[in-house]
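The basis for the numbers below is simple: all heavy atoms, side chains too, and nothing from hydrogens, waters or symmetry mates.
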Amino acid sequence: MLKPLLEEFLKLEGVSAAVVVGRDGFVIESAVSGKVDIEALGAMASTGLGTSEAMGTSLGKGELSQMLVECEKGPVLLSPLSPDELIAIVADTTANIGRIRYELKKNKERIVAAL
């Protein structure tokens, strides 16, 4: 049930991976088109999101809802799904970040239900 939901993100222009990761850094499920090292992505996404959550808490900014890493060759969007899982979406420079964010917000409950 989870994989088809992740595959929907691959239909968005520029998206090359949608990966659900445990907070331990291990990949739970993924949909990938192209060359993406999902195991490395899982480990880095978990660490990066955890650090950003700690920063938000320390600064009194509340819970993290989404994190955008803007790189030269495209963005990586990270978002917590539950206390135990997160999602990472990898895209290139042709991607519409607003559309990715919209689709994630729209489908987040369905993704969580499929876990």
Side-chain angles (χ1 to χ4, degrees):
M1 181 80 181
L2 184 56
K3 188 154 186 109
L5 293 171
L6 297 178
E7 288 172 343
E8 288 295 313
F9 288 100
L10 298 181
K11 295 177 182 176
L12 301 175
E13 183 177 355
V15 174
S16 58
V19 182
V20 173
V21 180
R23 292 300 181 118
D24 57 5
F26 290 103
V27 173
I28 295 168
E29 186 61 84
S30 65
V32 180
S33 68
K35 190 174 182 177
V36 177
D37 182 348
I38 61 169
E39 301 303 327
L41 172 62
M44 290 182 283
S46 177
T47 301
L49 192 76
T51 301
S52 295
E53 286 175 324
M55 179 173 53
T57 300
S58 294
L59 295 173
K61 296 295 182 181
E63 290 186 28
L64 178 73
S65 60
Q66 213 167 70
M67 178 179 157
L68 177 64
V69 180
E70 292 188 55
C71 302
E72 178 183 351
K73 295 183 180 178
V76 179
L77 185 77
L78 305 174
S79 182
L81 295 171
S82 74
D84 298 318
E85 296 94 12
L86 64 102
I87 188 168
I89 300 173
V90 180
D92 64 27
T93 57
T94 66
N96 180 331
I97 296 170
R99 179 70 191 270
I100 297 169
R101 293 180 70 198
Y102 170 77
E103 292 297 330
L104 178 56
K105 186 175 182 178
K106 182 176 87 170
N107 292 298
K108 190 171 184 177
E109 286 182 22
R110 291 173 57 210
I111 295 168
V112 171
L115 288 171

inquiry  = Applying a strict under-4.5 Å side-chain criterion to I, L, V, M, F, W and Y, I'd like to know whether Val69 and Leu12 cluster together.
reply    = no

Check: Out of curiosity, does Leu5 fall in the hydrophobic cluster containing Ile87 (side-chain heavy atoms, cut-off under 4.5 Å, transitive links)?
Finding: yes

Smallest heavy-atom separation, Ser79 atom then Lys108 atom, equals OG-NZ, 3.5 Å

When rounded to the nearest 0.5 Å, the distance separating NZ of Lys61 from CE of Met55 is 11.0 Å

Scanning both residues in full, the closest heavy-atom pair of Gly42 with Val27 reads CA-CG2, 4.4 Å

Residue set satisfying salt bridge (charged side-chain N to carboxylate O under 4.0 Å, His left out) with Glu13, at least two apart, ordered chain then number -> none

Report task. For Lys3, look at atom NZ and say whether over 12 heavy atoms of other residues, nucleotides or ligands are found less than 6.0 Å away. Result -> yes

When rounded to the nearest 0.5 Å, the distance separating CD1 of Ile111 from CG of Leu6 is 6.0 Å

Rounded to the nearest 0.5 angstrom, the CG-CD distance for Leu104 and Glu8 is 13.5 Å

Rounded to the nearest 0.5 angstrom, the OG-CZ distance for Ser65 and Arg101 is 7.5 Å

| task | Could you tell me whether Arg99 and Glu103 make a salt bridge, using a distance below 4.0 angstrom between a side-chain N and a carboxylate O? | result | yes

same_hphob_cluster(Val90, Phe9) at 4.5 Å side-chain heavy-atom cutoff = no

Shortest non-hydrogen pair, Gln66 vs Leu64, comes out as O-CD1, 3.4 Å

Exercise. Taking atom types as modelled, is there a side-chain donor on Asp92 or Thr94 under 3.5 Å from an acceptor on the other?
Worked result: yes

The single option from Asn96, Val32, Leu77, Ile89 that satisfies side-chain contact (heavy atoms from CB on, under 4.5 Å) with Val15 is Ile89

Nearest heavy-atom contact between Gly22 and Ile28 is N-CD1, 3.6 Å

Ala18 and Leu10 have their tightest heavy-atom pair at N-CD2, 4.4 Å

Handout entry: Short side-chain to backbone donor-acceptor contact, Thr47 and Ala43, under 3.5 Å
Key = yes

Separation between CG (Asp84) and CG (Leu115), nearest 0.5 Å, reads 9.5 Å

Check: Does Leu86 belong to the same Ile/Leu/Val/Met/Phe/Trp/Tyr cluster as Leu41, with side-chain heavy atoms less than 4.5 Å apart forming each link?
Finding: yes

Nearest heavy-atom contact between Ile97 and Pro75 is CG1-CG, 3.9 Å

Rounded to the nearest 0.5 Å, the CD atom of Glu39 sits from the OG atom of Ser30 at a distance of 8.0 Å

| query | When clusters are formed by joining ILVMFWY residues with side-chain heavy atoms under 4.5 Å apart, either directly or through shared neighbours, do Met67 and Ile100 land in the same one? | reply | no

Review point. Counting heavy atoms not belonging to Arg23, are there more than 12 under 6.0 Å from its CZ?
Key: yes

